[in-house]
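Accompanying notes for the structure given below.
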2 protein chains.
Amino acid sequence: MGMVEKKSGSEFSERLSTGGFRFTPQRQHVYDVVMQKRDHPTAEEIFIRTKRTMPEISHATVYNCLDALVKCGLVRQVQLERGATRFCPNMEEHCHYFCDACGEVFDVPLQKDSTTMPGPKGFQVDHYDIAVHGLCADCAGSRKK
Amino acid sequence: MGMVEKKSGSEFSERLSTGGFRFTPQRQHVYDVVMQKRDHPTAEEIFIRTKRTMPEISHATVYNCLDALVKCGLVRQVQLERGATRFCPNMEEHCHYFCDACGEVFDVPLQKDSTTMPGPKGFQVDHYDIAVHGLCADCAGSRKK
DNA sequence: CTATATGCAAATAGTTTGCCTGTTA
DNA sequence: TAACAGGCAAACTATTTGCATATAG
């Protein structure tokens with residue numbers, strides 16, 4: 001489930017150059033790291049994971065890579081709470097159920113259609129960012145006690 | 001339009017105590033400041049505005065007040081981009097159209113119904129947080145040139 | 001060969017914390 | 001008169017920037 005499909009090497013660099021960016025091994029590594037685990041890591045977490053296979057990578061480069069990947073539509077960026085931005089490998093239209101107690105994030109695919117609200121005149125929509133806040137089953141359960 | 005209705009003094013302190021908080025003049029001031037202008041200020045901006053009528057207020061207190069107000073359902077907190085959290089006086093169900101170019105925020109009321117997607121089993125929804133990213137009319141226009 | 005990207009370190013937000021004093025209920 | 005809230009400054013976390021070097025196209 002969930003079309004978290006990693007782009008092949010050639011499609012990856014094509015996407016980069018279409019976006020006006022060069023291919024670099026750092027960008028490839030950061031991309032690989034984000035696609036590898038289907039969670040919602042912060043830049044710091046991605047930095048740590050990337051260092052495992054590329055110890056010389058720097059903080060600034062990770063931010064730079066992530067920005068490039070976001071601009072090319074290869075990963076998504078989400079703000080679920082105060083503090084660190086998270087990154088998401090799932091480029092399918094979906095929303096995030098976020099547990100305010102434990103921080104767990106669940107991707108839920110979005111059925112088309114529902115998004116037919118008229119916005120401000122002339123607003124050119126790029127993408128939707130839908131988060132549902134609350135308590136996950138585990139946390140809701142343990143609060144009842 | 002937009003039910004941005006400021007609570008009366010007594011209703012305000014009642015809301016606070018229901019949430020387990022005490023009434024303080026600082027909380028009142030911060031609340032007044034947020035309700036006064038229908039925009040989406042950051043904590044820093046609220047700090048600056050509050051200082052005008054209450055020069056001795058501190059940074060930490062503004063954060064504390066805002067947290068209390070959010071927990072009591074008196075203001076909303078939104079994360080629209082990397083960086084500072086913004087606060088919103090509009091407690092009506094609505095979504096935010098956010099211009100990625102100039103940072104302008106537009107509130108758009110949400111018609112009920114549309115939100116009938118099944119989430120993760122047992123997830124206890126508290127609230128929805130819907131942002132629409134893109135370019136406002138002005139910014140979309142000036143890019144065409 | 002040249003624009004773009006990297007690495008490093010320092011700078012800058014944004015937010016939180018600790019500690020002591022003041023105030024609310 | 002407790003428990004909670006405020007003020008201040010320092011600590012922390014997240015992100016950005018400047019600059020010299022390296023590298024992709």
Side-chain angles (χ1 to χ4, degrees), chain A residues 9-10 12-31 33 40-51 53-72 74-75 77-87 103, chain B residues 9-10 12-33 40-51 53-72 74-75 77-87 100 103:
Chain A
S10 60
F12 175 72
S13 40
E14 198 174 303
R15 283 287 204 108
L16 277 176
S17 72
T18 302
F21 297 96
R22 294 181 176 170
F23 171 91
T24 70
Q26 287 82 349
R27 285 174 181 161
Q28 179 75 70
H29 262 74
V30 168
Y31 180 63
V33 160
H40 299 76
T42 62
E44 179 63 23
E45 181 60 31
I46 293 166
F47 173 65
I48 292 167
R49 292 186 199 168
T50 307
K51 257 184 123 64
T53 45
M54 184 177 261
E56 72 282 11
I57 200 166
S58 73
H59 238 120
T61 297
V62 169
Y63 278 98
N64 167 2
C65 292
L66 288 169
D67 285 349
L69 297 178
V70 167
K71 283 186 187 130
C72 297
L74 287 160
V75 310
Q77 186 174 27
V78 275
Q79 306 291 142
L80 292 167
E81 40 170 357
R82 242 187 242 183
T85 302
R86 287 150 175 269
F87 295 85
Chain B
S10 59
F12 175 72
S13 41
E14 197 173 306
R15 283 284 204 112
L16 278 175
S17 73
T18 303
F21 297 95
R22 292 181 177 168
F23 170 91
T24 70
Q26 286 82 350
R27 286 176 179 160
Q28 179 74 70
H29 263 73
V30 167
Y31 179 64
D32 290 351
V33 159
H40 298 75
T42 61
E44 178 63 22
E45 180 60 33
I46 294 166
F47 172 65
I48 291 167
R49 292 187 200 167
T50 308
K51 257 184 122 66
T53 46
M54 184 177 261
E56 71 283 11
I57 201 166
S58 73
H59 239 120
T61 298
V62 170
Y63 278 98
N64 166 2
C65 291
L66 288 170
D67 286 348
L69 298 178
V70 167
K71 283 189 187 129
C72 297
L74 288 160
V75 310
Q77 186 176 25
V78 276
Q79 306 291 142
L80 292 167
E81 40 168 358
R82 241 186 242 181
T85 303
R86 288 150 174 271
F87 296 84
D100 291 311

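Chain letters run A, B, ... following the sequence lines, proteins first, then strands; residues in each count from 1.
C:dT16 atom P lies 11 Å from atom CG of B:Leu66, rounded to whole Å. If you measure from atom CZ of B:Phe47 to atom C1' of C:dA13, you get 15 Å, rounded to the nearest angstrom. Separating the CG atom of B:Leu16 from the C1' atom of C:dA25 is a distance of 13 Å, rounded to the nearest angstrom. Note: CZ (B:Arg27) to C1' (C:dA25) measures 13 Å, nearest angstrom. Atom-to-atom, CG of B:Leu80 to P of C:dG14 comes out at 14 Å; the value is rounded to the nearest Å.
Protein chain A touches strand DNA chain D; the 5'-most and 3'-most nucleotides with an atom under 4.0 angstrom of its non-hydrogen atoms are D:dA14 to D:dG25.
A donor-acceptor pair is defined here as one N or O able to donate and one able to accept, closer than 3.5 Å; such a pair exists between the side chain of A:Arg27 and the backbone of A:Arg22.
Residue B:Thr85 is in sugar-phosphate contact alone, with no base atom involved, counting any heavy-atom pair closer than 4.0 Å across all strands shown.
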Kindly list each side-chain donor-acceptor pair under 3.5 angstrom involving residues 54-63 of chain A, sequence neighbours excluded, with atom names and distances?
from: A:Ser58; atom 1: OG; to: A:Thr61; atom 2: N; distance (Å): 3.2
from: A:Ser58; atom 1: OG; to: A:Thr61; atom 2: OG1; distance (Å): 3.0
from: A:His59; atom 1: NE2; to: A:Glu44; atom 2: OE1; distance (Å): 2.8

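Of the residues near DNA chain C, B:Ser13 and B:Gln79, the one whose nearest nucleotide (by heavy atom distance) lies more toward the 5' end is B:Gln79.
Within the structure, a side-chain polar atom (N or O) of A:Arg82 is placed less than 4.0 Å from OP1 or OP2 of C:dT16. Phosphate contact (OP1/OP2 of C:dT6, side-chain N/O of A:Thr24, threshold under 4.0 Å): present.
A salt bridge does not link B:Glu45 to B:Arg86: none of the charged side-chain nitrogens sits closer than 4.0 Å to a carboxylate oxygen.
For the contact set between residues 54-61 of chain A and DNA chain C, defined by any heavy atom under 4.0 Å, the members are A:Glu56, A:Ile57, A:Ser58, A:Ala60, A:Thr61.
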